[in-house]
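See structure below.
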Amino acid sequence: MDKTYQPAAIETSWYKTWEDNNYFAPSGEGEAYSMVIPPPNVTGSLHMGHAFQHTIMDTLVRYQRMQGKNTLWQVGTDHAGIATQMIVERKLANESGQTRHDLGREAFTDKIWEWKEESGGNITRQMRRLGNSVDWQNERFTMDPEFQQSVEQAFISLYDDGLIYRGKRLVNWDPKLHTAISDLEVESKEVKGKLWYLRYPLVDGATTAAGDDYIVVATTRPETMFGDTAIVVNPEDPRFQSIVGKEVLLPLVGRRIPIIADEHADMEKGTGCVKITPAHDFNDYEVGKRCQLPMINVLTFNAEIREQGQGFNSDGTVNTEINCHIPSQYHNMERFAARRAIVAEFESMGLLVKVEENNMTIPYGDRGGVVIEPMLTDQWFADAKTLAKPTIEAVENGDINFVPKQYENMFFSWMRDIQDWCISRQLWWGHRIPAFYDIQGKVYVAPTAEEARIKYNLSADLELTQDNDVLDTWFSSGLWSFATMGWPKQSDRLETFHPTDTLVTGFDIIFFWVARMMMMSMHLCKDKDNKPQIPFKTIYMTGLVRDESGEKMSKTKGNVLDPLDMIDGISLEDLLEKRTGNMMQPQMAAKIRKRTEKEYADGIPAHGTDALRFTLAALASTGRDINWDMKRLEGYRNFCNKIWNAARYVEMNAQGEDCGQNGGDIELSLADRWIVSKLQQIEIDVTRNIEEYRLDLAAQTLYDFIWNEYCGWYLELSKPVLWNEEASDAQKRGTRQTLVRVLEVIMRLTHPIMPFLTEEIWQSIKQLAGVSGDSIMLQSYPKADHSKIDTAAEADIEWLKGVITGVRNIRGEMGISPAKELSILINNGSASDQQRLQDNRNFLMKLASLEQITWLNPGDEAPMSATQLVGKMEVLVPMAGLIDKDAELARLSKEIEKLNKEVGRIEGKLNNQKFVANAPEAVVAKERDKIAQFKAAQLKFIEQHEKIAAL
RNA sequence: AGGACUAUAGCUCAGUUGGUUAGAGCGCUACCUUGACAUGGUAGAGGUCGGCAGUUCGAAUCUGCCUAGUCCUACCA
């Protein structure tokens, strides 16, 4: 073994071994345990959030595999419709200046497939580096032909069940990407806007209660006024009762529109009069439906003013009656330019009453980044309300659990108020909607035109054309848990592994994906008894991985960290190139460069996968965001090195020696019995922690045990035995065996979090430990043996530690070199102290670096000494020639002062009659015990202080 | 506006049903190349647990209010 831990030397080869041997595939034996990966974008790359979730998932699945379960971690990627199409469009523009329309649909999607072939391996390569034990042989992609069939089947079933419908609706339209998007893909942003007060003249001599021959409407979007089809006032509003039923003349276009009464108008708000533009505002759309107002669309798909508005009735049918005239100077004007022009014209006509500053939230497309336009279009919708109902019940009755629990609230509040889901997208990359139209526009839903003719009894020569649109990517992702297992085909795989056990994902996609997967699964998948099947039993929600200052990682901020760079390391130059190259906003580059140079002056050193995984696990307290801390990663890399070197020590002392593999007498030292006892407790704790999804506690428990107990104490305690020429073979055999076997168990305990290091070490010591097997992955997870818990040994070791630490404390405080061997005396010891001393003299001499230990009987004269207490027993280090009088006085004063504080605190408690009367007996007794101990110690130190001061 | 979460050492985080001398890593101070490890060892320093009230014999922990931050939902004429 190398002197230092070299992760690069072991990681890739072990992964290859595991994969080549097919260890990741379900074993086919034992109780099933399954998980599906949240499918990443096929052409994307893994970020820290993935590394985090994958670490959690892999830890869980490795743990369950070692528990003997038949484990499946289903892997795959999704096609990320909008994102991928955008990337390829941009790439095409850069390379040839062409648009997708230049190529045509088929040639363009071929380009996307090419891009997928080119870059699609990224993600899977990264997952291999992270050590993920996924079932590669059954990797799935949402655009695979089989998956395609699942999607078609799902769509058709939902349609046939009346849960999908098509209609002309107001939807969120992205004018840049030219597609509808769902309400979840809209991000609201706070902006400072304006509120324009516009005067609309009344006609036919009508006047308000105030006698005005006009009304004033306030609007944030003047450019939509070409599409106004009514003014509403509140039916109770005394100011406007006289004009209800009358009309105004819409300025600029000269169309007469009615004034109607509707509770939508709030008397307290604005002017009390609201202009209604049903084709361009969601609220107005509702009013329009309620009051049967016509709708006029005045914008193109580019969000420019149309040359002629499009008229519709409130039911979506075409309205040819209404005057849709738009003045020619506005034709094809961009929406915000049109806004300015319209305001200017109102002003010039004296119809602009005032302008107010107005804070408001504006919807932006999360992909394209432009302001979303409510647009009247034909779209497909899923009846989310109906689909949501059983999922709510599943969470209510505990079939599905959220970890942590509070995410239930979020889930309920969204699901109980869910809107129908717009599932069609005007894109080319995705699952083409399996719907066909005849010349009249009548729709037939089937996988192919041929099947549609059969299904709907149509004549063979009826011409049918397929819908141009594709389905929302999340529609297919919603089928993920079961379509990856072959649904709708029934198979062993589906039957064995669905529902899955645990879903690990971020709360940011709880509605996009988690909720929709629940809806789809419960509607489409049924048990044998026809009970809706949930997709997973537990949903473990992770927080976000943020940068060191708590900011979200993003390309524009230039604070993104690539998990692989932490594994392999990266130079500053390469990191700068990564962060500033190929930017959407090059103006940010200088700032990012400066920041990166400051934070990573020497780049990032290599830490290895195990250290990265351990760090992520250690930070994984449930549901909480993580602020990434490079120092912590460094600390855990050191931990790996510590384990590595502990293993080296074990190997050096055990290799070629008799470790009891083949029998022989065994005599266990106190230390041996102690570490084995401790190990049992650790096994219990770590197992519980993992079962409770507290990987942070599991990591902490392992860290503490391995570093502080096993390395810090046990390895040191093994030396006096192994290096003692007088020790018997049985004693040496006992310690060697303990050394090796405990290490072997530790490796198995730690393996789910740190797979590589543990495999490497396990392989090199397995024979010494008397175990066999091809891989640690396939070994069983350690299980505590309660009969090995030895409380007497634990107490003895505590005593031993107390004495050793006492001596070390005097050494440290007094500046005595560790090389100087000390002679100490033990005073005021009990019979059990004497027994312990006798039994452990060897350990003490070695670990406290002593020359001699003298036991003082009552009445024996003690030299002037620095004193430490272990219980009532005094550990004395003679001062003569070693210890400065003033230094010892200062040390004693410090101890006395410390105890003083404690004594005062407890006295206060015990003097409180109510405490003594009300607190449980045990608690009071404990306090009494403590104070007696502290007081005795204090007294001892005071005496000592007086004695020394008197010298 | 409603809701959720967070606030503990200089930094990143633990703290299970109220009773601990409030913990860990990193950083800091002093000493130490002792035959696994300087990616190390030993000994230390450092916290009135965001603030104010309350419940209780007892609060980092439970309740209320306040402050700051993060997020979600809604509204915006």
Side-chain angles (χ1 to χ4, degrees), chain A residues 1 3-5 188 193 195-197 216-221 232 264-266 269-275 281 283 358-362 404 406-407 409-410 413-414 417 507-508 510-511 543-544 546 548 550 552 605 607 611 615 618-619 621 623-653 692 694 696-697 700 703-704 708 711-712 715-716 719 723 805 808-819 849 898-899 901-902 905-906 909 912-920 922-924 926-927 930 934:
Chain A
M1 289 174 87
K3 190 172 171 185
T4 52
Y5 165 62
S188 296
L195 192 58
W196 288 272
Y197 286 76
V216 176
V217 293
T219 180
T220 57
R221 302 205 58 197
V232 303
H264 172 67
D266 184 339
K269 250 193 216 165
T271 60
C273 301
V274 190
K275 75 186 203 54
D281 180 281
N283 285 318
N358 187 38
N359 291 328
M360 49 191 190
T361 44
I362 298 283
Q406 70 258 20
Y407 283 105
N409 298 331
M410 212 195 226
S413 68
W414 192 69
D417 186 35
F507 68 88
D508 48 335
I510 180 169
F511 307 130
L544 249 49
R546 299 166 173 275
E548 48 285 305
K552 265 188 196 164
H607 296 88
T615 308
L619 292 170
S621 44
R624 196 179 152 140
D625 284 1
I626 289 178
N627 289 2
W628 184 251
D629 180 8
M630 205 54 92
K631 292 290 186 187
R632 203 129 175 201
L633 175 62
E634 231 175 281
Y636 291 126
R637 186 207 44 195
N638 295 351
F639 178 51
C640 293
N641 187 59
K642 189 74 183 177
I643 295 174
W644 182 262
N645 276 290
R648 277 182 69 219
Y649 168 82
V650 172
E651 210 179 27
M652 280 174 180
N653 285 283
E692 290 173 354
R694 289 303 303 269
D696 58 328
L697 297 181
Q700 182 59 45
Y703 185 97
D704 183 60
N708 298 325
C711 294
L715 294 193
E716 294 307 317
K719 290 173 186 174
W723 298 351
T805 316
R808 284 175 178 172
N809 173 270
I810 291 171
R811 231 185 242 284
E813 297 271 303
M814 296 301 128
I816 301 171
S817 155
S849 186
K898 223 156 104 184
L899 288 165
K901 268 209 251 151
E902 286 310 310
R905 210 174 54 84
I906 301 173
K909 261 190 189 178
N912 182 347
Q913 279 313 305
K914 287 180 177 170
F915 170 71
V916 180
N918 290 316
V923 172
V924 178
K926 202 172 151 196
E927 294 296 319
K930 268 197 288 190
F934 289 152

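Residue numbering restarts at 1 for every chain, and letters A, B, ... go by the order of the sequence lines. These figures come from a predicted structure and were not determined experimentally.
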What nucleotide among [options] has an atom nearest to a side-chain atom of [X]?
X: A/F915; options: B/U20, B/C57, B/C37; result: B/C57
X: A/K926; options: B/U20, B/C37, B/U70; result: B/U20
X: A/E927; options: B/U20, B/G44, B/U39; result: B/U20
X: A/K642; options: B/A4, B/G40, B/C32; result: B/G40
X: A/V923; options: B/G19, B/A77, B/U70; result: B/G19
X: A/T220; options: B/U39, B/U20, B/A77; result: B/A77
X: A/D266; options: B/C71, B/C57, B/A77; result: B/A77
X: A/W723; options: B/A77, B/G35, B/G25; result: B/G35
X: A/T805; options: B/A43, B/C72, B/A4; result: B/A43
X: A/R624; options: B/U21, B/U6, B/C57; result: B/U6

Checklist entry - Does the side-chain ring of A/Y197 sit on the six-membered ring of the B/A77 base, less than 5.5 Å centre to centre and under 30° in tilt? => result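 Answer is no, no stack.
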Interatomic distance, [X] [atom1] vs [N] [atom2] [rounded to whole Å]:
X: A/N409; N: B/A4; atom1: CG; atom2: P; value: 7 Å
X: A/M652; N: B/C37; atom1: CE; atom2: C1'; value: 10 Å
X: A/I510; N: B/A4; atom1: CD1; atom2: C1'; value: 12 Å
X: A/R808; N: B/U34; atom1: CZ; atom2: P; value: 16 Å
X: A/I362; N: B/C75; atom1: CD1; atom2: C1'; value: 13 Å

If we only count heavy atoms from C-beta on, is the [X] to [Y] side-chain gap below 4.5 Å?
X: A/W196; Y: A/N358; value: no
X: A/M630; Y: A/L633; value: yes
X: A/T615; Y: A/F639; value: no
X: A/W644; Y: A/T4; value: no
X: A/F915; Y: A/V923; value: yes

Within the 4.0 Å heavy-atom criterion, would you say [X] contacts the bases, only the backbone, or no part of the nucleic acid?
X: A/M360; value: base
X: A/R546; value: sugar-phosphate
X: A/H264; value: base
X: A/A917; value: nothing
X: A/R637; value: base
X: A/K901; value: nothing
X: A/A919; value: base
X: A/L697; value: sugar-phosphate
X: A/D417; value: nothing
X: A/A265; value: base
X: A/C640; value: nothing
X: A/K275; value: nothing
X: A/K930; value: sugar-phosphate
X: A/R905; value: sugar-phosphate

What's the gap between [N] and [M] when it is taken at their [atom1] atoms, as a whole Å value?
N: B/A24; M: B/G69; atom1: C1'; value: 25 Å
N: B/U61; M: B/U20; atom1: P; value: 13 Å
N: B/U12; M: B/A77; atom1: P; value: 41 Å
N: B/G25; M: B/C62; atom1: P; value: 27 Å

Under 4.0 Å between a side-chain N or O of [X] and OP1 or OP2 of [N]?
X: A/N645; N: B/U39; value: no
X: A/N653; N: B/A36; value: no
X: A/N358; N: B/A77; value: no
X: A/N918; N: B/C57; value: yes

Next on the checklist: Tell me which residues in residues 628-636 of chain A lie within less than 4.0 Å of RNA chain B, going by non-hydrogen atoms.
Outcome noted: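 By residue number: A/D629, A/K631, A/R632.
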Checklist entry - Paired with B/C52: which nucleotide, if any, by Watson-Crick or G-U wobble criteria at under 3.5 Å for both distances? => result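 Pairing partner, where one exists within any strand: B/G64.
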Checklist entry - OH/A/Y197 to OG1/A/T219 distance, rounded to the nearest 0.5 angstrom? => result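 One finds 11.0 Å between OH of A/Y197 and OG1 of A/T219.
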Next on the checklist: Looking at the base of B/A36, is there any donor atom on it, or on the side chain of A/E716, that sits under 3.5 Å from an acceptor on the other one?
Outcome noted: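 Result: at least one qualifying N/O pair found.
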Next on the checklist: Under a 4.0 Å threshold between the charged nitrogen and the carboxylate oxygen, would A/R905 count as salt-bridged to A/E902?
Outcome noted: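 Salt bridge flag = yes for A/R905 with A/E902.
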Checklist entry - Should the pair A/K642 and A/Y703 be classed as cation-pi, given the thresholds of under 6.0 Å to the six-membered ring centre and 45° from the axis? => result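 The answer is no, since A/K642 fails at least one limit relative to A/Y703.
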